[in-house]
Amino acid sequence: MSSQKPVVTKEELLQKDRKYVWHHMSPHNDNPLIIVSGDGCWITDADGNRYFDGMSGLWCVNVGHGRERIAQAAYEQMKTIAYSPMSQSHVPAIQLAEKIGSWLGGDYRIFYSNSGSDANEVAFKIARQYFHQKGEPARHKFIARHRAYHGSSFGALSATGQAQRKLKYEPLGAGFQHVPPPYCYRCPFGQSYGSCKLECADAVEAAINWEGADSVAGVILEPAITGGGMIVPPAEYLPKVREICDKYGVLLILDEVICGFGRSGEKFGHHNFGVEPDIVTMAKGLTSAYSPLSATAVRSSLYESFKGKDGASHFRHVNTFGGNQVSCAVAIANLEIMEEEQLVARSAQIGKELGRLLDPLRAHPNVGDIRFFGSACGIELVEDQLTKVPAEADLVLQVIGSCKARGLLVGKNGDTVPGFNNIITLCPPLITTDEELAWIAETIAEALDSISS
C-alpha cells in the first residue's frame, strides 16, 4: 500500500472551509487565503502565491516564520512531558518566569494563561481581590480608554473602548468607565500638543474623582493604542497617569500584549516612558505565536496579600492550558532568539528606517497622519487633509487590496469605532531587512497612488 497522502486540491479545501469553518472577525469568507507555509517574513498560500507578512500574523510573529530552533524546543519538550497543571510547577515555567522578570526589570510574580484576553481577565480579578484583602472592598471599578482594545471575553471586552466590538453583546461587565485617548491628531479637547496641558491625562484623574476614588481599583491602558488606530501618546502622558494612580492609590495595569517583547523598540512599551506598572499583561510576542501562551505579571508586594490564612485569600483562578510545558519551552527559545539576534534594537531601527521611507507619503492628499511606536505603524487615511474627514471604507479596502495584489499583507483597525476605521496598520517581523522595508514603502506608495488615479 502506498503511504503517500492523497492530493487535495485548493477547490476541495475551499469547499470544506465553506462547510466547516467559522472565520474570525468577518462575515463568512467564501474565498479566504489558505496559508500553507511560512519562511522568515513571507507566507505562501495554496496557489503558491507568496506574501510579505506585514502584520506579523496578528501583531505577533516577531521572530518570523519557520524557526526550526523553536520547533525543536517544542519537540524535545513534548517527548519529555507535554503537560501537567500549574497547581504545581515545572521546569520550563520556572525558567520562563525568571526570564520574563529579567525582561521586565522589576520584582514580579508571573501567572500564566492562554491569551491576551485571559491575561487581562486575570489582572481584573487580582486587582479586585487585592483591595478586598486590603480592607477596601468598594474598589472594584476600572478606568480604560476609548479606542483601546483589551480582549474579547466579557471583562476584557468591557474594558475595550470600541463600540463596534460590543454591538449585540451588551450588557457586559459592570464597573468599567472610559476616558478619551491621547489622540494628538484628533485631540478630543481641541488642543495642540506643545501648547496643551495634557488634558488627556487629566481626564483619567477626573474620571477617578467622578466615580469616587475609593471605588476605583485600576487604570488599564496600552502604552500605545495599537489595534484601535495606532494612537501614540505624548512622552509625558504615561508618567503623568502613573502619578495620578499613585495619588489615589489606584493600580496601574499596562496591557503589553502587542507593545511588549520588542515591538516598541524597547523590551516593553512602558520602558519607552520610564514608568513601573503594578500589573503587566502580555501574550503574542511572548512566543511569537508559535504556541498559545500569555502571562500576567504582578508586583511582588501585591502578591503578598494573597498569602492570608483564611480559605478565600488565595487566588482562586485556574487555567487548564495556561503555562503548559510546551508553550513555556517555546517562549524560552523565542526570547533567546530575540536576545541573541538583538531584535529589540532591530525593532527600533525598523521603525526609524520605515518612518524615513514613508515620510514622503505625508504629502499624499489621502494621508492625514503617520504614527509609529517602535516598529508598529499606523497610516491614517482621510478624504481630505484639510478637513481630516476619515476615509470611507471603500477607499481603505482599495489600498489594502492594492497592497495584497502586489504581495504585501497589511492590516486596518476594523470593527472599532463607527466612522473611524480608517487606519492602515503595519507590524513587520523584527527580522525584516532594509531591502524589504524599502519594498514595503514603495508598495504602499504605489497602492496609495492607485486610489488617486
Side-chain angles (χ1 to χ4, degrees), residues 24-25 57-60 110-131 139-179 181 204 207 211 216-229 231 241 250-261 263 268-270 277-287 289 292-298 302 315-323 327 413-417:
H24 295 187
M25 291 300 296
L58 196 61
W59 312 85
C60 51
I110 308 300
F111 190 98
Y112 294 114
S113 303
N114 296 332
S115 70
S117 297
D118 292 340
N120 284 329
E121 294 286 351
V122 167
F124 300 142
K125 290 176 70 175
I126 285 174
R128 284 182 173 174
Q129 186 174 344
Y130 166 73
F131 281 113
R139 286 190 182 264
H140 69 284
K141 297 176 184 176
F142 296 93
I143 308 299
R145 300 181 298 185
H146 293 295
R147 298 295 294 262
Y149 177 73
H150 295 294
S152 296
S153 52
F154 261 48
L157 189 57
S158 301
T160 293
Q162 301 177 354
Q164 287 178 298
R165 299 265 183 168
K166 301 181 181 184
L167 288 174
K168 302 183 182 181
Y169 305 130
E170 295 173 301
L172 296 168
F176 292 85
Q177 308 299 327
H178 294 83
V179 298
V204 175
E211 293 298 322
V216 178
V219 171
I220 182 168
L221 49 80
E222 295 176 273
I225 293 173
T226 49
I231 299 172
V241 172
V250 171
L251 299 180
L252 178 60
I253 305 167
L254 285 187
D255 180 337
E256 293 272 10
V257 171
I258 291 176
C259 296
F261 299 103
R263 183 55 63 184
F268 285 92
H270 63 271
D278 300 299
I279 300 176
V280 186
T281 59
M282 61 195 77
K284 294 189 185 286
L286 174 58
T287 65
L293 183 67
S294 67
T296 306
V298 183
L302 272 68
F315 187 46
R316 297 172 311 286
H317 185 96
V318 65
N319 185 302
T320 301
F321 302 118
S327 290
N413 66 323
D415 287 337
T416 58
V417 178

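These numbers come from the heavy atoms of this one structure, side chains and all, not from hydrogens, waters or symmetry mates. Just so we're clear, the structure is a prediction, and the values are computed from it rather than from any experiment.
- When all heavy atoms are compared, the tightest approach of A217 to R139 is CB-O, 3.7 Å.
- Under a 3.5 Å cut-off, the side chain of D255 and the backbone N or O of T281 do not form any donor-acceptor pair.
- When atom types are taken as modelled, the side chain of S294 and the backbone of S115 share a donor-acceptor pair closer than 3.5 angstrom.
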inquiry  = Test side-chain contact (heavy atoms from CB on, under 4.5 Å) on I220 and F176; report intermediate values, then the result.
reply    = CA-CA 10 Å; I220 182 168; F176 292 85; 5.8 Å; no
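- The two residues N319 and Y112 have their closest heavy-atom pair at CB-O, 4.3 Å.
- Summarising the geometry of S327 relative to T287, their closest heavy-atom pair is O-CG2, 4.0 Å, with the distance given to 0.1 Å.
- Heavy-atom contacts from other residues, nucleotides or ligands closer than 6.0 Å to OH of Y169 number 12 or fewer.
- Looking only at side-chain heavy atoms (C-beta outward), L302 and L251 come within less than 4.5 Å of each other.
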ask   = What's the verdict on side-chain contact (heavy atoms from CB on, under 4.5 Å) for L221 and L254, showing C-alpha distance, side-chain angles and the deciding distance?
value = CA-CA 5 Å; L221 49 80; L254 285 187; 2.9 Å; yes
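- Here the closest non-hydrogen pair linking N413 and R147 is ND2-NH2, 3.5 Å.
- Across every non-hydrogen atom of V122 and H317, the tightest pair is CG2-NE2, 3.5 Å.
- Counting only distance, with no hydrogens or angles, the side chain of H178 and the backbone of T160 share a donor-acceptor pair below 3.5 Å.
- Rounded to the nearest 0.5 angstrom, Y130 OH and D278 CG are separated by 8.0 Å.
- Going from atom OG1 of T296 over to atom CD1 of I126 covers 6.0 Å, rounded to the nearest 0.5 Å.
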inquiry  = Before you tell me yes or no, could you show the steps for H146 and V417 under side-chain contact (heavy atoms from CB on, under 4.5 Å), namely the whole-Å CA-CA distance, both residues' side-chain angles and the distance that decides it to 0.1 Å?
reply    = CA-CA 9 Å; H146 293 295; V417 178; over 6 Å; no
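- Annotation: side chain of K284 is not in contact with side chain of F261 (no heavy-atom distance under 4.5 Å).
- Listed for the R165 side chain is a donor-acceptor partner under 3.5 Å among the backbone atoms of D415.
- Side-chain atoms of E222 do not come within 3.5 Å of backbone N or O of A148 as any donor-acceptor pair.
- At least one side-chain heavy atom of F142 sits under 4.5 Å from a side-chain heavy atom of R128.
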request  = Take T226 and C259 through the side-chain contact (heavy atoms from CB on, under 4.5 Å) test and state the conclusion after the steps.
outcome  = CA-CA 8 Å; T226 49; C259 296; 3.9 Å; yes
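- The shortest distance between side-chain heavy atoms of R263 and W59 does not fall below 4.5 Å.
- Across all their heavy atoms, A123 and I253 have their closest contact at CB-CG2, 4.1 Å.
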